Amino acid sequence: MSQVEIWQDQYRVRAQGLPGATLPWLVTLRERAMERFVAMGWPTRRKEDWHHTSLAFLEGQTFKVPMRGAAPPEESLMGRLREGGAGHWLVFVNGWFNAALSQIGSLPEGATVDTMPQALIGHAERVEAHYGSAEDGGSPAALNAALATDGAYVHLARGVAVEAPIHLVFIATIAEGASHVRNLVIAEDGAEATLVEHYLGTSATATLTNAVTRIHAGADSRITHLKLQQEAEQALHLASIDTQQGRGSVFNSHSLSFGARLARNDITTRFAGEHCETLFNGMYHVDGKRHVDHHTVIDHALPHGVSREYYRGILDGSARGVFSGRIKVAPGAVKSDAMQRADSLLLSRQAEADARPELEIYAADVKCAHGATVGQIDDDSLFYLRARGMDEAHARNLLTYAFAAEALARIGVAPLRNRARAALLARLPGGHLLEELTS
Amino acid sequence: MLDINDLRVSVDGKPILNGLSLHVKAGEVHAIMGPNGSGKSTLAQVLAGRDSFQVDGGTVTYDGEDLLTQPAEVRARAGVFLAFQYPVEIPGVSNAYFLKAAVNAVRRHRGLQELDAMDFLKRVKSEMKAVGMKEEFLYRSVNEGFSGGEKKRNEVLQMTLLEPKLAVLDETDSGLDIDALKVVADGVNRLRAPDRALIVITHYQRLLDYIVPDYVHVLANGTIVRSGGPELAAELEERGYAWLAKAPEEQAKGVTT
Ligand SMILES: Nc1ncnc2c1ncn2[C@@H]1O[C@H](COP(=O)(O)OP(=O)(O)OP(=O)(O)O)[C@@H](O)[C@H]1O
Ligand SMILES: [Mg+2]
C-alpha cells in the first residue's frame, strides 16, 4: 500500500472523530480534499511550484497521528518559552490543544481566542465562511484540509485591538508523529493584532508538521504575523499561510526558519481591496544537509497596493535554500508598487541557494522592482575585524549575524525581535559571544 | 621595532612592492609619501596581515619576530594597528560592540582584565570627546553612513582605544577639514611615546606640520626611492615626484639608522 493510501485509510478511520464531523459542509470539504490529495500525491519536482523541493520521499515514510494528550513536553519548556513574553498563549502538542500548558489570559471585549473544535461548535457559520476550500494550495494543504485535528481560532470584532501578541505554540514530541493543524484568524474592519506561530520539537527522529493558517484581514485592519520555525533536526515542516486583505489593510509577515530537515513555507497574500500594504520579511539559516523552501505569492489584485518583500538566507554545509517570489499584478491594478529582494549568504562551497522572482504583471502604470544576490562573507569586512584583534571565527559569526540583522530590524515589535534574535544566535556557532549586540 | 627587508609583494601575479626596505625604531615617526598607485596602501595592508596579497620575497620582523607568518588578529593583539585608508562599513553591527570587542581582544592578549560594559562606556566616551565624536556614533552601525571625515575620526578613536605599539595611518588626513586634521594630529601626538612607533602615509605636507616626522620616505613603483628628514616633505610639496624618477642613481634603498 502506498503512503497516499495509508493516509486515506487514516482519514476513513478518523473522519467520524474529527471536530465538526456533523457539519455537512465540512464533511464534504474533507471528502473532496482527501480525494484531491490522493489524486495528486506528494509533490514531485515535476509539479509546478515544487521545482526545487520534492516530497516524493514521503511516499515511503509512515507517520501516524498521535493521541490527544500523549507525550506532553516538560513543563520547563513552556517556562523558557514564555520568558519575557507577555501575551496570550495557546499550546498544541502533536497537533492537539493542550489546555494545561496554555494561558489565554484576558482579552479585550470583542476578541475571541479559542480552539478550532470549540469554534466549530460556537461559531460554525463564521468558520465556514473563512475555512477555505478543498482546492486551496498544493496537495499537503489538501491533506491538511482533510485531516486537521485542531488549531487556533482568533476572531477580532470591528475595531478591536489586541495589544499583546497572541502566541500559538506547536510542539512535536512523538517520533513518526504527524500534526495537522489549521488556524483561522478573522480580523474584522479596523482590528489590530500580532500573531506568533512558534514551531518546535523534541523528537530525535522524524516528525511531520503539516500546518495551514488562514488570515482574513478586514478593511483597514493591521495584522502582524511572525512565524518562528525551530523544529527538531529531523523534522519535516510543511506550512502555508494564506491571507486575504481588505481595503487599506496592512499585513506584515515575518518568517524565520531555523529548524527542520526540510521546511517548506507557502506564504500568500491577496489584495482584495484597494490601497493594501504588505511586508514579507523572511530569514532562514540552514546547515548540514537541510533544505528550506519559501514559496511566496503577493497578488496585487486591485489598484494602489504596496508590497515589500525581503528574504535573507544563510546557508552552511551542503544545505539548500530556495526562495521563489511570485508577484502578480492583475489587469487594471494600476499604481501597484511592488519591490522584492532576495539575498543569500553562502558560508560553504557546498551550500546552494536558488532565488527566483516570478513576475506576472498584467497592468500598466505600476512600479515593480526585484533583485537577488548570492554572496559570501565579505573579505574587506573580515579583514577589518581581524585587524582589530577579533579571531577569524568570531569575525565570521559577527558578519553572519550582521547579514541577518537587517531582517531582524524589520520586526517592529521589540520583544518579538529579541526572540527572533535569540533564536538566530542559538544557531550560530559562538552565538553567545554576540549576545551583547543590540539592534 | 620594525624591519622590512627587500619585501616583494604581488597580487594576481602583478608585482606591487618590488624589494622594499624600511627600518623603524621605537619612538620614531616615519612619513611615507608617493604617487597614487605606488604601493603605499599595499605595504600598510601587508603589515596588518591582509592575506589576499602574495608575498614573493623578503622579510618583515616586528619586535624580533617574523610578522608575515602571523594572522592579522595576532598582529593586532601584539600591538600592530592600521588606520584604514577606506574604513569598511559593517551594517548590522553597532560601533559600540565592535569597539568593545576590539578593546577586549587586545586586553585579553595583554593579560589585562576585560572591560565590562560600564568601564568600557566610560573609557570610550572620554576618548570620543577627545576626537570630537558625538556619542550617537556608538549606537550606529560601524562606519555605516559616516561621512569621510567621521570614518577617519572613528579610525583615530580605535587607535587611541587600542594603544598600539606600531600604528600605520594610511591617509588618515585625506578628506578632513582643518579642525578634524588637528584632532587627528592631536590623537597621534598623544600616542607618541618612546616605546611606540608610527608610520604616517600621506599626500600632504599639511599633516606633517602637526605630526612632525623623524624621517620622510618616498615610495614609487613599489620601492622606496628617496629618504630624508622633514624637509623632504616640503621639497616634494614644491616639486612633485617627477624629479625623483629622473634620478634613479640617487635612489636610496631605505634608511639605515
Ligand atoms: N587587490 C588588488 N588587485 C589588483 N591590483 C591591486 C590590488 N590592490 C592593489 N592593486 C594595485 O596595486 C597598486 C598599488 O596600490 P596601492 O593601493 O598600494 O597604492 P597607493 O600607493 O596606496 O595609492 P593611493 O595614493 O592612491 O592610495 C595599484 O596599481 C593598484 O591598482
Ligand atoms: Mg593608498
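Since this is a predicted model, take the numbers as computed values, not measurements. Each chain gets a letter, A, B and so on, in the order its sequence line appears, and its residues count up from 1.
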Item checked: Pair Phe84(B) + Phe383(A): ring centers closer than 6.0 Å -> yes

Note to self: For Leu399(A), which atoms come within 4.5 Å of any heavy atom of chain B: side chain, backbone, both, or neither?
What the structure shows: side chain

Item checked: Expected output: side-chain Arg388(A) to main-chain Ala102(B) donor-acceptor under 3.5 Å -> no

Next item on the list: Work out which heavy atom in Ala402(A) is nearest to a heavy atom in Val93(B); give both atom names and the distance.
Entry: CB-CG2, 3.6 Å

Checklist line | Residue part contacting chain A, namely of Asn104(B), when any heavy atom lies under 4.5 Å | finding: neither

Check: Counting only heavy atoms not in Arg222(A), do more than 12 fall under 6.0 Å of its CZ?
Finding: no

Item checked: Residue Phe98(B) versus chain A: region with a heavy atom under 4.5 Å -> both

Notebook entry, point to check: Less than 4.5 Å apart, any side-chain heavy atom of Leu398(A) and any of Tyr97(B)?
Noted result: yes

Note to self: Are Pro91(B) and Glu406(A) packed together at the side-chain level, in the sense that at least one heavy-atom pair is separated by less than 4.5 angstrom?
What the structure shows: no

Check: Measuring heavy-atom distances to chain A, does Glu155(B) have an atom under 4.5 Å in its side chain, in its backbone, in both, or in neither?
Finding: side chain

Next item on the list: Side chain from CB out, backbone as N, CA, C, O: work out which of these in Arg50(B) comes under 4.5 Å of a heavy atom of chain A, or both, or neither.
Entry: both

Next item on the list: Examine whether an atom of Val103(B) lies under 4.5 Å from a heavy atom of chain A, and if so say whether it belongs to the side chain, the backbone or both; otherwise answer neither.
Entry: neither

